[in-house]
Amino acid sequence: MIHITLPDGAVRQYEKGVTALDVAKSISEGLARKVLAANVNGQVWDAGRPINEDASLKLLTWTDTDGKSTFWHSSAHLMAEAVESLFPGVKFWVGPPVENGFYYDMDLGDKKMSEEDLIALEKKMNELAKKNSTYVRKEIPKDEAVRYFTGKGDEYKLDLLGGLKDGEITFYTQGNFTDLCRGPHIPNTSFIKAIKLTSIAGAYWKGDEKNKMLTRVYGVTFPSQKELDEYLQMLEEARKRDHRKLGKELSIFTMDDDVGPGLPLWLPNGTIIIEELEKLAKETELAAGYKRVVTPHIAKESMYLTSGHLPYYQDSMYPPMELEGQKYYLKAMNCPHHHKIFAAEPKSYKDLPLRLAEYGTCYRYEQSGELFGLMRVRCLHMNDAHIYCTKEQFYEEFKAVNDMYIKYFKIFGVDKYVMRLSLHEPSKLGKKYVDEPELWKETEELVRDVLIKTNTPFVEVQDEAAFYGPKIDVQIWSAIGREFTLATNQVDFAQGRRFKLEFTNQDNKAETPLIIHRAPLGTHERFIGFLLEHYAGKFPAWLAPVQVKVLPISDKFLDYAKTISQKLKKADIRAEVDDRNEKIGKKIRDTELMKVPYMLVVGEKEMNENKVAVRRQGKGDAGIKDVDEFLKDVKTEIEERRSE
RNA sequence: GCCGUUGUAGCUCAGUGGUAGAGCACUUCCUUGGUAAGGAAGAGGUCAAGGGUUCAAUUCCCUUUAACGGCUCCA
């Protein structure tokens, strides 16, 4: 007999060789029908795999992340079985579960797969799922596994086998499909009730662009049709929030083929948002002791050689233009220009910390396939600043930047983000990163210290640092789930020396300052793209391109409407009158769709009493108000940058 | 940059080997209407660009370009 400890602490006795499924059955048949896999002593196991010693056991169902992953991993195998039957001779690479489903990478030889094939594959998968095939686990000696895949001429699986040792190789078979796989898998294919193959894409073998491109098929499956329908519904909702769609609907920005890819044109509505953001940044930075500077959009090659950017980033800078025998580059970053401002006049320790801020316009030649609405562009306006400080001042300065993030995030109600401490990868010193192992260690420690002392939750990621130092990135996700860095706070111990930046310290010695690069509001492009999705286009009053729309019931009240709008405009409120010859219902509908925060309906009643009927976007009628009272309330809401 | 898909009116999208259509938006007229679409008429397109096949190409083929879904990349 062995002892099985359940999550609630209960200990039960079973025969040696009991399976998680047996345990589930001993609790309830209903539970047993839902068990997908099990967590045995912290490892995810097949529900049908015998347990031979005392163990802690957690049964995993669809509601557990590991249960879901197992379900999708098994679905990938089911898809592979379907692909093999429709595309004989296909060779498979790997087919893992991902956040929303699974994929399988495959080499189709000279065959091609089209979107229509996905329909046929789904049909085949449904057929195969109904066969109720068990996923059978089998441990295989390495030489036998090698023989098996050599016989199949499958170089991909042989490559995988190369990294495995005897004793850790298992095969899983369901129906006619056998795969080298660590597992675990769900008990049988009948659990998979709803199948949707979502897309077909290319993916480099082992993620390396020098390698062959394999065909990747993405899919998602569910234990019931209802859940699939809900998922598709959710995708539909997400698409409505997509900043590219909203940006067009709300006339925020546009792209034009003649201007060029990744070069957004900001329409008047978008420009209002830009100006509001800059106003916020200026106020905040002024209060935090920053000084504003302005720098050119281009600079000579020599400066980027000094900074060290050119060797690292030449490929993603616009190619140089030649003038008077000199090469000039469009700037891809503002730091070198700012360093030159630091260097323009001799500095004493009394001048530090020096904080130079600029909403700098940068150009980056991003790869064509990487462009994505406003989130990834080739022309960007960065909420940039560089802080030059002593080692002693570093902690306070770095912390102050972090505090500034938090202050901003509060204003915007940003709460779904992850702080990422991005560290260097020691093996890439001298290549991707400046070769200063000691400084890396030291500054990474400093930054981690700030996060820990301020109780900021964060994750650490290797090999994500800038070439000149570690950084803290704020990661966010777009409506359709793509990850982006929204804001960044970086340490730079390299450029100060490269530019020979110096200040005279208290001992009258020359010292190199530490530099902090920071962009709490990221770039206008990415930030506004993010805000569009974050607010689903419903900007708070202070950001809304039109803050108040006055809607006269009919032409008779047009003059009164204009009087009100004039009054609001005088108080710096962005007000407009809907003077179209339309019924009030139509005017309201159109204004609602444009997501204007306040509508003022005015007719006979309001005109006679010098009042307005207030309507709040998305919330409907908000009652009659005195004109002056409304003005005062809205003005306060705007000035306080309230979210509601 | 790589793999795949797509490109028709300002927007969303039908359609066809015999030189194009809807809804919304726009213009004009009628209507002056009280909280999410009043009615009528009109205007609007080198069917992404270039080349090829064909008596004839928006439609089929090739190239280019752009967007989209991924991969790679992201100071």
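Lettering of chains follows the sequences in order, A, B, ..., and the numbering in each one begins at 1.
Residue contacts shown for Tyr204(A) include a base, since a base heavy atom lies under 4.0 Å away. If you check every strand for non-hydrogen atoms under 4.0 Å, Gly207(A) touches sugar and phosphate atoms only. Across all strands shown, Arg616(A) has no heavy atoms under 4.0 Å from either base or sugar-phosphate atoms. Ile553(A) comes within 4.0 angstrom of a nucleotide base, judged by non-hydrogen atoms across all strands. Note on Thr485(A): nothing from the nucleic acid sits closer than 4.0 angstrom, heavy atoms only. Gly260(A) comes within 4.0 angstrom of nothing in the nucleic acid, heavy atoms only. Within the 4.0 angstrom heavy-atom criterion, base atoms lie near Lys605(A). Phe467(A) comes within 4.0 angstrom of nothing in the nucleic acid, heavy atoms only. Heavy atoms of Arg216(A) sit under 4.0 angstrom from primed sugar atoms or phosphate atoms, though from no base atom. Looking at heavy-atom distances under 4.0 Å, Asp257(A) makes contact with sugar-phosphate atoms alone, never a base. Across all strands shown, Gly369(A) has heavy atoms under 4.0 Å from base atoms, whether or not it also approaches the sugar-phosphate. Among the atoms of the strands shown, base atoms are found under 4.0 Å from some heavy atom of Glu606(A). When heavy atoms are screened at a 4.0 angstrom cut-off, Leu371(A) is found touching the sugar-phosphate backbone but no base atom. When heavy atoms are screened at a 4.0 angstrom cut-off, Tyr468(A) is found touching the sugar-phosphate backbone but no base atom.
Atoms CZ (Arg580(A)) and P (U27(B)) sit 10 Å apart, rounded to a whole Å. If you take CE of Met106(A) and C1' of G70(B), they are 14 Å apart, rounded to a whole angstrom. Across the protein-nucleic acid pair, Ile515(A) atom CD1 and A75(B) atom C1' stand 14 Å apart, rounded to whole Å. Atom P of nucleotide G70(B) and atom CE of Met113(A) are separated by 18 Å, given to the nearest angstrom.
Close to A75(B), at under 4.0 Å from its OP1 or OP2, lies a side-chain N or O of Lys471(A). Of the side-chain N and O atoms in Arg244(A), one or more sit less than 4.0 angstrom from OP1 or OP2 of G69(B). Not one side-chain nitrogen or oxygen of Lys583(A) sits closer than 4.0 Å to the OP1 or OP2 atom of A36(B). At the phosphate of G34(B), neither OP1 nor OP2 sits under 4.0 Å from any side-chain N or O atom of Lys586(A). In terms of phosphate contacts, Arg364(A) brings no side-chain nitrogen or oxygen within less than 4.0 Å of OP1 or OP2 of C73(B). Checking the phosphate oxygens (OP1, OP2) of C74(B), no side-chain nitrogen or oxygen of Arg526(A) falls inside 4.0 Å. Close to C71(B), at under 4.0 Å from its OP1 or OP2, lies a side-chain N or O of Tyr218(A). For Ser368(A), a side-chain nitrogen or oxygen approaches OP1 or OP2 of G1(B) to under 4.0 Å.
Closest to the side chain of Ile584(A), from the set G34(B), G38(B), A66(B), is G34(B). Residue Gln367(A) has its side chain nearest to C73(B) when only U32(B), C73(B), G34(B) are considered. The side chain of Gln490(A) has A75(B) as its nearest neighbour among A75(B), C74(B), G4(B). Counting only heavy atoms from C-beta on, His309(A) has its side chain closest to A75(B) among G69(B), A75(B), C3(B). Out of U32(B), U12(B), G70(B), the shortest distance to the side chain of Ala201(A) is found at G70(B). Minimum atom distance to the side chain of Ala203(A) is reached by C71(B), of the listed A75(B), A36(B), C71(B). In this structure, the nucleotide among G33(B), A36(B), U35(B) sitting nearest to the side chain of Ala613(A) is U35(B).
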For this session: Applying side chain to side chain donor-acceptor pair (under 3.5 Å), run through Asn489(A) and Tyr405(A) and close with a yes or a no.
Result: CA-CA 9 Å; Asn489(A) 185 9; Tyr405(A) 281 31; 4.6 Å; no
Exercise. Passes side chain to side chain donor-acceptor pair (under 3.5 Å), Thr295(A) versus Lys331(A)? Steps please.
Worked result: CA-CA 10 Å; Thr295(A) 63; Lys331(A) 71 173 170 186; 2.8 Å; yes
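Between A66(B) and C29(B), the two P atoms lie 44 Å apart (nearest whole Å). Rounded to the nearest Å, the gap between the P atom of U8(B) and that of U16(B) is 16 Å. Comparing the P positions of U59(B) and U53(B) gives an interatomic distance of 14 Å, to the nearest angstrom.
The cationic group of Arg355(A) does not satisfy the cation-pi geometry with Tyr388(A), failing either the under 6.0 Å distance to the six-membered ring centre or the 45° limit from the ring axis. A cation-pi geometry, defined here as NZ or CZ lying under 6.0 Å from the six-membered ring centre and within 45° of its normal, does not hold between Arg526(A) and Phe484(A).
Looking at every heavy atom in both residues, Tyr318(A) comes nearest to Tyr365(A) through N-CB, 3.8 Å.
The base of A75(B) lies close enough to the side chain of Ser316(A) for a donor and an acceptor atom to sit less than 3.5 Å apart.
Here the side chains of Val491(A) and Phe394(A) are in contact, with some heavy-atom distance below 4.5 Å. With a 4.5 Å cut-off on side-chain heavy atoms, Asp579(A) and Pro552(A) do not count as touching.
Checked by atom type, the side-chain pair Asp473(A)/Thr485(A) shows no donor-acceptor distance below 3.5 Å.
Base pairing of U12(B) is made with A22(B), judged by Watson-Crick or G-U wobble geometry with both donor-acceptor distances under 3.5 Å.
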